[in-house]
Amino acid sequence: MGAYIGLAAVLLLIVLLVHGRWPASLLFPVWACGFYLSGVIGQADLLGSFTNPALVTLLLLMMVSLVFDRTAVVEGLAAWLLRGSETAARGRLISVAAGLSAFMNNTAVVSVLLSAVTRERRWSPSRLLIPLSFASILGGVTTLVGTSTNLVVNSFVIQSGMTGMGMFTPALVGIPVALACLVVMLLTGRLLPGHAQAQVEPAVSNYFLEAHVTAGSPLIGRSIEANRLRQLDGLFLVEIVRDGRLVSPVAPDEVLLADDILLFAGESSRFRKLEGYEGLEVFGCSSDGLLRSNLVEVVVSSHSDLPGKTLREVDFRTMFNAGVVAIRRGERQLSGQLGRIPLKVGDGLLLAVGQDFAQHRNIDRNFHILGDTVHRPRLSAGQGLAALGAFGMVIVLATLGVLTLFSGLLMLLGLFLLAGWLTAADMRRRFPFELLLVVGSALAISLGLERTGAAQLMADGVRTAFSGMGVFGALVGIYLMTVLLTEMVTNNAAAALAFPVAVATASSLGVSPVPFYMVVLYGASACFLMPFGYQTHMMVMTPGRYKVADYARAGWPVSLVYGLMVLLLVPVFFPL
C-alpha cells in the first residue's frame, strides 16, 4: 500500500508542476517535508540532502559564475561572430555558444550574446536566438559543470552510494551528440521564423499618449495624486517632459507646472479619459527623440522576484526607479492596465528609466538588459581574462585529480572576493535559493520514493511497457519518460523525478545502473520542443518574438537526432 501512496504522491507533484500555479521551489520542499512528517525518511536524511557534496559544489559553481556575468570578454567576440552572411553568423554563434557553455553557466553565455544579437540590424534576431539557446544546451551536456542538471544527477549518484562522475564523463556521448545537432541546426535554418525587423523593435508610438498642461489649468500647483492622475483605467503616467528635461519616474507628490508634457502609457483607445481634465490637452500618440533616448528594453530573468506578481504589488517604480511603458510576451504585446498584469519569466519590458537606473543593485538579478543603452559595471579585459584563466586552471586541476572540484571552486570564490571582483552583497542578491530548495528537497523525495517502493512500482511499469525490447527497451523507456518530464516541467525537476525510477529499473533487470542514469542526464537536457522547460528558451522568447509553435518547428529535427544519438551511443560507452 505504501508504494501506491508514494506513487500517487509523485503523480500529484507532477500534475501540480505542469499546472504551474505553484513554483517548484515551493512544491518540492512541501513534498520533502511530507515524506519526513509521515516517517518515510528521517531527520538525518532530510538535512543531509541539503549538504550533499555535489549540491554544495553546484552552489559554489553558481556563485563563481557571477563573476563571468561582469566580464566583457564574451561581448568582445560579438563583432566577429555576427559578420558575414546570416548562415555563417549562425554557425559561428552556435559554435562559440556551445563551446563556452561547456564550462560557463549557459544562462550567462546566452545573456551576453543575446544583447549582441538584438543589436544586429542586418537580419531578424528570430533567425538566431532559438539556435543560440539550443547551442547553449548542447554545450552543457559535454562536461560535468556544463549545466546544473549534470551536477544534480551527479548528486543523486553520490547519494546512492555510487562513484561520482568525472569532469568529462558526459563528453563521451555529449560531444558527438552536440556536433551532430549543431550540423542539423545549420541545415534546417529555413525552419526558423523570419520576423521583419520592424516587428522586433519596440512599438513605442502605439503605447504613448502625450498631454499638455496649458497655462491657467487648475491642475497647476497640485500634485499628481491630488489631480487623480496616478491611476487611470488603462493609462499610466510614465514621465513628465519639463523645459527640455525628463522627470522620470513620476512620484505621487510631484507638482505639475504650466507647459508640462505628460506622457501616459497604455491603450491608445483610452485617451478620452484625459479629456475630462480641464487645461489638459491630448495632442497625439508620438514620442520624440528625447523620450526614445530614455527607453531601455529588458527581459525578466529566471532568478527574478517578479514572476507571478504585478507591477503594482511590487511597487515597480520605487524598486527600480523606472516606469513600465509596455509589456511583451513572446510575439504578443500585452494590453490593458499594465499594473495589473502578473509578470512571467521571459517577459519583455520597455522601461522609461531614471538617471540612476543602472546603479540599482537589483538590476542583474531581475533582468537581462537588451541592447547597449545601459552600461553596467564591468571587469576590465585583463581582469576578465584573469578570472577565466583561473577558472580554467581549476577545471584542469580537478580533471587531473590534483584537487577536487569543490576545493578548487572554494579557493576560486575566495580569490574573487579578495580581488573585489565579487562581493558578499552580490552573492546575497544572486544566491540560488530556489535551486537549493528544489535540488535538496528532490534528494529527500528520491529517498522517499525508494523506501516506499514507488520507484520500483514505476520501474515495473516501464519494464512492462517495453518488455518486447528487453534491457534496451527499458533504456528507451527511461529516456522518453525523462524527455517528457523535462518538456512539461523543468530540466532539474525532470532529473530528480526520473533518477530513482532509472536506478530501480536497472536493479530489477540485474544490469548496471550507469547507462540508465546517463540517459536521465542527457534526457533532462533534451528540451527542444517547448519553451517552458529550460530557462534560456524563456530568455530568448520575447526578444525573438517567438510563438510556442516556433520552438517545436525548429526543434523537432534537433530533438530527433539528439535522441537517436544518445540511445545509440550510451550503450557503447556505458555498457548495459
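Since the structure is predicted, the reported quantities are computational estimates derived from the model, not experimental observations.
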Trainee: Name the orientation class of the two ring planes belonging to F134 and F528 (parallel below 30°, tilted from 30 to 60°, perpendicular beyond 60°).
Mentor: perpendicular
Trainee: Does a side-chain heavy-atom distance below 4.5 Å link P307 with V300?
Mentor: yes
Trainee: Going by side chain to side chain contact (heavy atoms under 4.5 Å, CB included), L132 matches just one of V96, I94, L113. Which one?
Mentor: L113
Trainee: Assess the side chains of N366 and S301: does a donor N or O sit below 3.5 Å from an acceptor N or O?
Mentor: no
Trainee: Mind checking the CG-OG spacing from L100 to S136? Nearest 0.5 Å is all I need.
Mentor: 10.5 Å
Trainee: Would you check if the side chain of T404 reaches a backbone N or O of S407 as a donor-acceptor pair within less than 3.5 Å?
Mentor: yes
Trainee: With a 4.5 Å cut-off on side-chain heavy atoms, are M185 and L182 touching?
Mentor: yes
Trainee: Could you report the tightest heavy-atom contact between E254 and V250, atom names first, then the distance?
Mentor: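 Smallest interatomic distance, heavy atoms only, reads CB-CG1, 4.0 Å.
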Trainee: With no hydrogens and no angle check, do the side chains of S133 and T536 hold a donor and an acceptor under 3.5 Å apart?
Mentor: yes
Trainee: So Y517 and F156, do their side chains get closer than 4.5 Å, heavy atoms only?
Mentor: no
Trainee: Any non-hydrogen side-chain atom of L66 less than 4.5 Å from a side-chain atom of M63?
Mentor: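 Of all side-chain heavy-atom pairs linking M63 with L66, at least one is under 4.5 Å.
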Trainee: Verify, without hydrogens or angle tests, whether N52 (side chain) and S49 (backbone) share a donor-acceptor contact under 3.5 angstrom.
Mentor: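 Not at all, since once roles are kept as given, no pair shorter than 3.5 Å links the two residues.
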Trainee: Please round to the nearest 0.5 Å and tell me the distance separating atom CH2 of W31 and atom CG of L26.
Mentor: 9.0 Å
Trainee: Please tell me whether D253 and S223 have a donor and an acceptor in their side chains that are separated by less than 3.5 angstrom.
Mentor: no
Trainee: So do M538 and D347 actually touch side chain to side chain, heavy atoms under 4.5 Å?
Mentor: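 Not touching, per the 4.5 Å side-chain cut-off.
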Trainee: With distance as the sole test, does N150 use its side chain to make a donor-acceptor pair with the main-chain N or O of V145 at under 3.5 Å?
Mentor: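 Checked: no pair found.
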Trainee: Output yes when a side-chain donor or acceptor of E487 lies under 3.5 Å from a complementary backbone atom of M530, and no otherwise.
Mentor: yes
Trainee: Just jot down the ring-ring contact (aromatic ring centres under 6.0 Å, His included) partners of F406, sequence neighbours excluded, or say none.
Mentor: none
Trainee: Is it the case that the side chain of R545 and the backbone of S126 share a donor-acceptor pair, with hydrogens and angles ignored and the cut-off at 3.5 Å?
Mentor: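 Flag not set: sc R545 to bb S126 has no pair under 3.5 Å.
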Trainee: Show the numbers, then the answer: is there a side chain to side chain contact (heavy atoms under 4.5 Å, CB included) between Y522 and V153?
Mentor: CA-CA 10 Å; Y522 297 118; V153 172; over 6 Å; no
Trainee: Give, for atom CG of L343 and atom CD of E313, the distance between the pair rounded to the nearest 0.5 Å.
Mentor: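 Output value for this atom pair is 9.5 Å.
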Trainee: Less than 4.5 Å apart, side chain to side chain, heavy atoms only: is that true for F320 and L306?
Mentor: yes
Trainee: Would F28 and L437 count as a side chain to side chain contact (heavy atoms under 4.5 Å, CB included) if you check the C-alpha gap in whole Å, the side-chain angles of each, and the deciding distance to 0.1 Å?
Mentor: CA-CA 7 Å; F28 272 85; L437 288 172; over 6 Å; no
Trainee: Is S95 reaching over with its side chain to a backbone N or O of R92, donor-acceptor style, under 3.5 angstrom?
Mentor: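 A pair under 3.5 Å: no.
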Trainee: Relative to each other, are the rings of Y551 and H537 parallel, tilted or perpendicular (30° and 60° limits)?
Mentor: tilted
Trainee: Going through the distances and angles, do L151 and S155 end up as a side chain to side chain contact (heavy atoms under 4.5 Å, CB included)?
Mentor: CA-CA 6 Å; L151 285 164; S155 66; over 6 Å; no
Trainee: Looking only at heavy atoms, which two atoms of G166 and L144 are closest? And how far apart?
Mentor: O-CB, 3.7 Å
Trainee: Evaluate the side-chain proximity of N492 to L435: yes if any heavy-atom separation is below 4.5 Å, no if none is.
Mentor: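 Side-chain contact under 4.5 Å: yes.
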Trainee: Which atom pair, heavy atoms only, marks the closest approach of P543 to V299?
Mentor: CG-CG2, 3.6 Å
Trainee: Could you tell me whether the side chain of T143 and the main chain of A102 form a donor-acceptor pair under 3.5 Å?
Mentor: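 Side chain of T143 to backbone of A102, a donor-acceptor pair under 3.5 Å: yes, one is there.
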Trainee: Can you tell me how far the CG atom of L61 sits from the CG atom of L405, to the nearest 0.5 Å?
Mentor: 7.0 Å
Trainee: For a 4.5 angstrom cut-off between non-hydrogen side-chain atoms, does L114 reach V540?
Mentor: yes
Trainee: Can you find a side-chain donor-acceptor pair between T486 and N491 that sits under 3.5 Å?
Mentor: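 No, because no side-chain N or O of T486 sits under 3.5 Å from a partner of the opposite role on N491.
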Trainee: What closest approach, in Å, do T163 and V157 show between heavy atoms, and which atom pair accounts for it?
Mentor: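 Scanning both residues completely, I find the closest heavy atoms to be O-CG1, 3.4 Å.
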Trainee: Which pair of non-hydrogen atoms, one from S525 and one from V141, has the smallest distance, and what is that distance?
Mentor: CB-CG1, 3.6 Å
Trainee: Please find the pair of heavy atoms, one from P432 and one from L59, that lie closest to each other, and give the distance.
Mentor: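 What the structure gives for the nearest pair is CG-CD2, 3.8 Å.
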Trainee: Given the rule in the side chain to side chain contact (heavy atoms under 4.5 Å, CB included) test, do L412 and L415 qualify, once you have shown the distances and angles that lead to the verdict?
Mentor: CA-CA 5 Å; L412 194 60; L415 174 64; 4.3 Å; yes
Trainee: Measure the spacing between OG of S441 and CG of L13 and express it to the nearest 0.5 Å.
Mentor: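 Interatomic distance, S441 OG to L13 CG, rounded to 0.5 Å: 10.5 Å.
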Trainee: Quick one: pull up CG in L447 and CG in D45 and give me the separation to the nearest 0.5 Å.
Mentor: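 Rounded to the nearest 0.5 Å, the CG-CG separation comes to 5.5 Å.
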